[in-house]
Structure formats: C-alpha cells, structure tokens
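Have a look at the structure below before the remarks.
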Amino acid sequence: MSIANRRNSRSYGLKLTKAGGIYIIITLLLGFAAVNTGNNLLYLMVSALLGFMAISGLMGQRNLKRLKVTLLPDSDLFAGLPAQVHIRLENARKYLPAFLIEIAIGEDSTLLPVLLPGQSERVSLSITIPLRGYQQLTGVWVKSRFPVNFFIRSSRLPDPDQVLVYPTPHSGHSISGSQMAMRRQQRNIARPGQDGEVRNIDNYHPSDNYKDIHWKHSARQAELKVKRYQQLGGESVMLKLEDFNGSLESQLSQCTFAVEQLIRHANAVGLQLGDLSFPPQPGRQQRNRLLKELALYGHR
C-alpha cells in the first residue's frame with residue numbers, strides 16, 4: 001500500500017449512554033426529593049450516587065491513558081472492494097491493565113476485553129474505499145465503556161496517511177481483439193509445471209480464483225491466503241488503455257485486471273497510457289508501478 005504524508009491533531013470525545021442517562025435521571029429525582037423533604041438519608045444516597053459517577057468517570061478516563069495505536073497498512077486497496085487494515089494496540093502502562101477497549105475505523109469495530117500492562121494486540125478491521133487514487137482513511141477511534149457503561153470515552157487518532165487505492169479489477173463483458181490475443185497467451189503459458197507443484201503461499205487478491213485459496217493457512221493467519229503454482233515463462237505483452245471497451249473507469253478496471261493476471265502468469269507487461277509508455281517488464285515491482293499509474297490516471 002502506497003502512502004502520502006498527512007497529519008492532524010488528536011481529538012477526544014465523551015458520549016452519554018442510555019444506562020448513564022437513566023442513572024443521572026434517578027440521581028436528579030432523588031436530589032429534588034431530598035431538597036423538598038429535607039431527608040438526610042436521601043442526601044446521603046444522592047451524595048453516594050454522585051461520588052460513584054465521579055469515580056467511574058475518573059477510572060474511565062485513566063483507562064485510555066498511555067494506549068499506543070499503530071496503523072499497519074500492509075495490503076493492496078482496490079476501489080469498491082473490502083480490504084483488511086491491521087491495527088496494533090499496545091498498553092504502555094507498567095502496572096494497570098486496560099479493560100473493554102473498542103477499536104473502530106469507519107463502520108467496523110472490534111472489542112478487546114482486557115489488555116495487560118506491556119502487552120500488545122493486533123486486530124484486523126474491514127474498510128471499503130469507493131474511489132481510486134490517493135484517498136484519506138477515516139480516523140481510528142479508541143473507545144472505552146469501562147467501568148460501568150455510563151459514558152463512552154473515546155480518543156481519535158490523527159488521520160492516517162493517505163493511501164493509494166487501485167482501480168477496481170474487472171474482466172469486462174466485451175472483449176476486443178487485443179484482449180483475445182492476451183487470453184491466447186495466457187492459455188499457452190498458465191499451465192502448472194513440475195506436476196502442479198505449489199511454489200509458495202501468497203496473500204489473496206480480488207482477481208484470484210477461490211479454488212486456489214489455502215484454507216488451512218488462511219485460518220492460521222486470520223486472512224485469506226492462496227497457493228501460487230509453478231508456471232512456464234511468459235511472453236512480453238504491451239497493454240494500451242484505448243484497446244479496452246467502455247467508459248474511462250471501465251477501461252481502467254479492465255486494464256487493472258489484465259495487469260494482475262498477466263504479471264501473475266510470469267509475463268513481462270508494459271503499458272501505454274496516452275503519451276506515457278512503460279516498457280514490458282516482469283515482476284511485482286512492475287505490477288505495482290503500472291497499477292499506480294492506472295490509479296492516478298487523470299488525477300494529476
């Protein structure tokens with residue numbers, strides 16, 4: 001995932017829960033009753049309730065102290081497709097654990113019941129970014145309902161750096177002559193070698209076939225993994241954006257899909273984007289370079 005620098009200041013929030021609202025109403029009613037009747041027992045009850053609320057508020061505030069959150073964007077993002085963002089939460093306190101910590105980004109969240117002193121946990125949250133190009137991720141929120149769910153205290157981290165979002169990979173419905181040629185090349189080279197021996201285990205990409213998913217490794221890593229097979233050497237392919245049919249976004253999506261497929265099948269792939277030309281080369285570095293150019297096409 002490519003990054004562009006951008007920082008904002010940290011912010012905090014406080015939200016009253018339904019249970020907290022009921023607690024405050026009961027306390028106010030008892031306070032009015034104490035004033036009207038002059039009953040010392042009611043005064044003591046109101047004092048105890050207010051004291052408990054103050055202590056719970058102080059404990060809730062301290063529960064968020066010295067928690068370090070690190071965003072670990074280590075996967076590719078494609079426009080309109082769900083992707084996993086990894087977040088590491090560390091309790092930097094020496095003695096006190098953290099309780100009921102919720103981490104949220106966008107609409108997805110996860111809850112950590114307890115985080116011991118000096119301990120760190122890594123969680124994965126799902127995000128979907130609809131547009132390609134450099135996009136701003138939603139800020140990461142760390143929330144706490146500790147100790148009795150009267151208030152939700154929250155701390156919003158500075159906005160993460162901008163991330164590069166690639167076009168949505170899509171094979172398209174209509175196939176041009178140049179695409180037919182590419183498909184013939186794929187059939188000639190995309191046969192597994194050495195009796196189908198698995199070369200390595202790699203991260204899942206949206207254009208991968210579900211039949212190649214390695215379910216055992218996926219369960220261990222808590223994210224989808226796929227098997228990569230030995231392939232015969234590929235040919236050089238020069239892609240041209242205008243050879244794909246449809247609107248500009250559709251052309252970019254189809255070209256992204258073609259780059260993904262051809263690079264994986266050991267082809268040397270090049271790209272012609274208007275006046276820009278990138279000579280054919282194999283490998284993941286070339287794949288990332290071409291996808292970046294497609295993601296930023298028309299945005300510069």
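Residues: numbered from 1 along the sequence shown. Fair warning: this is a prediction, and the values are worked out from it, not measured in the lab. Values below: every heavy atom of this structure, side chains too, minus hydrogens, waters and symmetry copies.
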Has [X] got a side-chain atom pairing as donor or acceptor with [Y]'s backbone, closer than 3.5 angstrom?
{"X": "Arg66", "Y": "Ala92", "answer": "yes"}
{"X": "Gln286", "Y": "Pro279", "answer": "yes"}
{"X": "Gln135", "Y": "Leu164", "answer": "no"}
{"X": "Arg93", "Y": "Lys65", "answer": "yes"}
{"X": "Glu121", "Y": "Val123", "answer": "no"}

Q: Starting from the C-alpha separation in whole Å, work towards a yes-or-no answer on side chain to side chain donor-acceptor pair (under 3.5 Å) for Ser253 and Glu249.
A: CA-CA 6 Å; Ser253 294; Glu249 295 302 322; 5.7 Å; no
Q. So Gln61 and Arg153, side-chain contact (heavy atoms from CB on, under 4.5 Å) or not? Walk me through it.
A. CA-CA 7 Å; Gln61 183 179 18; Arg153 296 185 177 274; 4.1 Å; yes
Closest approach of [X] and [Y], non-hydrogen atoms and distance?
{"X": "Leu239", "Y": "Cys255", "result": "CD1-SG, 4.1 Å"}
{"X": "Ala79", "Y": "Val165", "result": "N-CG1, 3.3 Å"}
{"X": "Pro97", "Y": "Val114", "result": "CB-CG2, 4.2 Å"}
{"X": "Arg132", "Y": "Ala295", "result": "NH1-O, 2.8 Å"}
{"X": "Met238", "Y": "Ser277", "result": "CE-OG, 3.5 Å"}
{"X": "His86", "Y": "Ser124", "result": "ND1-OG, 2.7 Å"}

Q | For Arg145, side-chain contact (heavy atoms from CB on, under 4.5 Å) partners two or more places apart | A | Thr17, Glu102, Asn149, Ile152
Distance from [X] atom [atom1] to [Y] atom [atom2], nearest 0.5 Å?
{"X": "Gln254", "Y": "Thr168", "atom1": "CD", "atom2": "OG1", "value": "12.0 Å"}
{"X": "Gln281", "Y": "Leu271", "atom1": "CD", "atom2": "CG", "value": "12.5 Å"}
{"X": "Asn39", "Y": "Leu44", "atom1": "CG", "atom2": "CG", "value": "9.0 Å"}
{"X": "Lys15", "Y": "Ser154", "atom1": "NZ", "atom2": "OG", "value": "9.5 Å"}
{"X": "Met45", "Y": "Leu41", "atom1": "CE", "atom2": "CG", "value": "6.5 Å"}
{"X": "Ser56", "Y": "Phe150", "atom1": "OG", "atom2": "CZ", "value": "6.0 Å"}

Are [X] and [Y] close enough that some pair of their side-chain heavy atoms sits under 4.5 Å apart?
{"X": "Leu42", "Y": "Thr37", "result": "yes"}
{"X": "Ile129", "Y": "Ile127", "result": "yes"}
{"X": "Tyr297", "Y": "Leu276", "result": "no"}
{"X": "Pro147", "Y": "Phe99", "result": "no"}
{"X": "His170", "Y": "Ser250", "result": "no"}
{"X": "Phe244", "Y": "Leu252", "result": "no"}
{"X": "Leu291", "Y": "Val259", "result": "yes"}
{"X": "Leu296", "Y": "Tyr134", "result": "yes"}

Are [Y] and [X] connected into the same hydrophobic cluster when the rule is that any two of I, L, V, M, F, W, Y join if their side-chain heavy atoms are below 4.5 Å apart?
{"X": "Leu49", "Y": "Leu28", "answer": "yes"}
{"X": "Leu67", "Y": "Leu14", "answer": "no"}
{"X": "Leu64", "Y": "Phe146", "answer": "no"}
{"X": "Ile87", "Y": "Leu100", "answer": "no"}
{"X": "Leu30", "Y": "Met53", "answer": "yes"}

Q: Starting from Val35, walk the hydrophobic network (Ile, Leu, Val, Met, Phe, Trp, Tyr; side-chain heavy atoms closer than 4.5 Å) and list everyone else you reach, by chain and number.
A: Tyr43
Q.
Test question: given the 4.5 Å side-chain rule for I, L, V, M, F, W and Y, name all other residues clustered with Ile25, or answer none.
A. Leu29
Q: Please work out which of the three classes, parallel, tilted or perpendicular, describes the rings of Tyr23 and Phe52, given edges at 30° and 60°.
A: tilted
**Q.** Side-chain donor-acceptor pair present, Gln251, Ser247, cut-off under 3.5 Å
**A.** no
Q: Verify the distance criterion only: is there a donor paired with an acceptor across the side chains of Ser144 and Asn63 at less than 3.5 Å?
A: yes
Q. Which residue pairs pass the salt bridge (Lys or Arg N to Asp or Glu O under 4.0 Å) test when at least one of the two sits in residues 270-290, sequence neighbours left out?
A. Asp76-Arg284, Asp76-Arg287, Glu260-Arg287
Q.
Run Leu125 and Thr110 through side-chain contact (heavy atoms from CB on, under 4.5 Å) and show every step you take.
A. CA-CA 8 Å; Leu125 297 178; Thr110 187; 3.9 Å; yes
Q | Residue pair Leu290, Leu273: steps toward the side-chain contact (heavy atoms from CB on, under 4.5 Å) verdict | A | CA-CA 10 Å; Leu290 298 185; Leu273 276 177; over 6 Å; no
Q: Report the C-alpha separation of Leu115 and Ile101 in whole Å, then their side-chain angles, then the decisive distance to 0.1 Å, and conclude whether the side-chain contact (heavy atoms from CB on, under 4.5 Å) test is met.
A: CA-CA 8 Å; Leu115 189 63; Ile101 299 298; 5.6 Å; no
Q: Only counting residues at least two apart or in another chain, list the ones meeting side chain to side chain donor-acceptor pair (under 3.5 Å) with Lys143.
A: none
**Q.** With sequence neighbours excluded, residues passing ring pair (Phe, Tyr, Trp, His ring centres under 6.0 Å) with Phe151
**A.** none
